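Bear in mind that the values here come from a model prediction, so they are computed numbers and not experimental data. Proteins get letters first, then strands, A, B, ... in listed order; numbering begins at 1 in each.
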There are 2 protein chains.
Amino acid sequence: MNNRTGPPGPSEIERLSLSIIDAEVPEPRPFEGDEWVIVRRMIHTSADFELLELVDFHPDAIEAGLGAITRGCLLATDTEMVKVGIGPRRLEKWRCTVECHIGDEEVVRRSRGEGITRASAAVDRVFNRINGGIYVIGNAPTALMRLLDLVESGLCRPALVVGMPVGFVNAAESKERLVEQGRVPYITIRGRKGGSALAATVINALAGLAKERIQKEIP
Amino acid sequence: MNNRTGPPGPSEIERLSLSIIDAEVPEPRPFEGDEWVIVRRMIHTSADFELLELVDFHPDAIEAGLGAITRGCLLATDTEMVKVGIGPRRLEKWRCTVECHIGDEEVVRRSRGEGITRASAAVDRVFNRINGGIYVIGNAPTALMRLLDLVESGLCRPALVVGMPVGFVNAAESKERLVEQGRVPYITIRGRKGGSALAATVINALAGLAKERIQKEIP
């Protein structure tokens with residue numbers, strides 16, 4: 001019983017939104033194919049067209065992310081906002097799990113005792129299980145820095161890092177370091193911008209791409 | 001045991017971030033006093049200085065928000081992201097509660113049956129308890145439109161509406177309507193931009209202001 005004469009329904013709003021973005025970013029676009037699907041979704045989340053100049057994909061990022069998701073990987077997030085932004089249902093068909101350790105008692109204790117951020121201490125709770133998984137960072141440069149320490153020491157190797165901390169102290173620097181390290185595929189936003197909603201959106205867009213591929217494979 | 005020679009700790013990062021924003025937005029600023037405390041915090045969350053031109057406060061908004069919070073009001077949010085972004089602890093000293101009804105069974109059923117968004121159906125779950133409370137919208141223009149229908153019909157009167165839906169279909173229009181209605185104080189972001197993180201940040205900044213006032217009142 002859709003109200004066809006009333007305001008647009010949920011799926012129509014989404015379709016219309018994406019077509020507006022398509023129209024406002026005429027071809028040739030700085031991103032194509034699956035990359036555009038992801039960046040367009042990020043613009044949809046933020047209404048920020050500056051992302052066209054800031055988003056950066058490692059060449060293997062999308063395939064690595066799709067592979068990890070369809071294998072039912074672990075996703076670790078730096079904030080509860082990223083975790084709820086991803087939502088439980090989108091990834092359940094592949095039995096992926098999403099964990100956020102920012103509120104763990106041990107994390108709170110270490111943060112107080114050592115004067116480090118909780119986001120950084122939370123990395124240590126999950127690094128030894130994140131090989132082949134995805135680390136999704138939407139807030140804390142210190143989480144990305146700690147993760148890169150562990151990656152560069154050979155102590156962990158996620159399939160993909162969605163590295164989108166936001167802010168004024170070390171956010172841009174942490175993302176430059178993510179781009180310069182040669183060990184793990186990444187999707188990032190250069191400079192100060194980022195955020196939990198954008199990081200979650202990348203995962204939701206990847207889940208959408210994974211679902212599309214399954215539908216194409218079924219004859 | 002703070003590591004004083006190492007990287008900056010959590011509280012130092014925050015202080016440094018806010019001082020960078022202060023320095024990059026020299027006086028005279030478009031916002032002063034408590035308004036600047038809130039907008040500066042929003043810039044801290046998003047690294048988006050365009051907010052300087054987009055944030056709009058109803059003249060009674062901050063006092064109405066502080067009054068509602070310190071009376072232990074109900075806060076209703078349109079997304080789980082706003083709810084977890086606010087966090088449980090900041091408001092607990094005043095016994096405020098934060099509710100999000102987007103996942104309620106009845107909301108899902110009505111959304112499917114009537115072809116409306118879940119965010120809009122969720123407004124109907126809480127409107128008759130939101131008088132004197134705060135409605136916090138970080139995502140859905142349809143939630144803000146539905147809330148304004150009820151406000152304009154005299155069916156509810158929140159103390160404050162934090163109206164920051166984001167997007168390309170009716171987001172800007174819903175916020176223009178919020179500014180033009182004369183019944184409830186608001187804090188909004190004009191145009192397409194908005195988001196759950198920004199909406200949650202406004203509440204967290206208000207909670208910080210409320211805490212400061214208490215500390216000033218204790219001799």
Side-chain angles (χ1 to χ4, degrees), chain A residues 1-4 6-21 24 43-48 50 79-85 87 100 111-120 138-142 145 166-172 189 191-198 200, chain B residues 1-4 6-21 24 43-48 50 79-85 87 100 111-120 138-142 145 166-172 189 191-198 200:
Chain A
M1 270 218 314
N2 285 312
N3 178 1
R4 290 178 189 282
S11 60
E12 199 181 338
I13 292 171
E14 180 170 305
R15 205 168 45 245
L16 192 54
S17 299
L18 296 177
S19 73
I20 290 169
I21 300 168
E24 294 195 17
I43 293 171
H44 178 254
T45 292
S46 62
D48 191 349
E50 208 194 334
T79 65
E80 292 288 344
M81 284 190 85
V82 175
K83 185 176 168 184
V84 304
C100 175
S111 164
R112 286 185 184 150
E114 301 174 29
I116 59 175
T117 67
R118 290 199 289 144
S120 166
N139 184 58
T142 52
M145 288 290 199
V166 59
F168 295 86
V169 176
N170 285 332
I189 300 169
R192 289 166 164 180
K193 285 185 175 178
S196 294
L198 289 167
Chain B
M1 273 217 313
N2 285 311
N3 178 1
R4 291 177 189 283
S11 60
E12 199 183 338
I13 292 171
E14 181 171 304
R15 203 166 51 243
L16 192 54
S17 299
L18 297 177
S19 73
I20 290 169
I21 300 168
E24 293 195 19
I43 293 172
H44 178 254
T45 292
S46 62
D48 190 350
E50 208 193 336
T79 65
E80 292 288 344
M81 284 190 85
V82 176
K83 185 176 167 184
V84 304
C100 175
S111 165
R112 286 186 185 149
E114 300 174 30
I116 59 175
T117 67
R118 290 199 288 145
S120 167
N139 185 58
T142 53
M145 288 291 199
V166 60
F168 296 86
V169 176
N170 285 332
I189 300 169
R192 289 166 163 180
K193 286 185 176 180
S196 295
L198 289 167

Problem set entry | Gly115(A) to Pro10(B) - nearest heavy-atom pair and separation | O-CD, 3.5 Å

Exercise. What residue in Glu24(B), Glu14(B), Met145(B), Glu80(B) has the most heavy-atom pairs under 4.5 Å with chain A?
Worked result: Glu24(B)

For this session: Sort out for me which of Asn139(B), Val82(B), Ile43(B), Asn170(B) touches chain A most, counting heavy-atom pairs under 4.5 Å.
Result: Ile43(B)

Exercise. If we only count heavy atoms from C-beta on, is the Leu16(A) to Phe168(B) side-chain gap below 4.5 Å?
Worked result: no

Exercise. Checking heavy atoms, do the side chain of Glu12(A), its backbone, both or neither come under 4.5 Å from chain B?
Worked result: neither

Exercise. Do Ile13(A) and Thr142(B) come close enough that some side-chain heavy atom pair is under 4.5 Å?
Worked result: yes

Problem set entry | Top contributor to chain A interface from Ser11(B), Gly194(B), Ala47(B), Gly167(B) [non-hydrogen pairs under 4.5 Å] | Ala47(B)

For this session: Please look at Thr117(B) and chain A and tell me whether the side chain, the backbone, both or neither of the residue comes under 4.5 angstrom of a heavy atom of that chain.
Result: both

Exercise. Can you find a heavy atom in the side chain of Ile20(A) that is under 4.5 Å from one in the side chain of Arg192(B)?
Worked result: yes

For this session: Counting only heavy atoms closer than 4.5 Å, note whether Ser196(A) contacts chain B via side chain, backbone, both or neither.
Result: both

Problem set entry | Set of residues satisfying side chain to side chain donor-acceptor pair (under 3.5 Å) with respect to Lys193(B), sequence neighbours excluded | Asp48(B), Glu50(B)

For this session: Select, from Leu198(A), Val166(A), Leu18(A), the one with the greatest count of heavy-atom pairs under 4.5 Å involving chain B.
Result: Val166(A)

Seminar exercise, completed: Interface check, chain B: of Ala200(A), Ser17(A), Ala140(A), Ser120(A), most non-hydrogen pairs under 4.5 Å belong to Ser17(A)

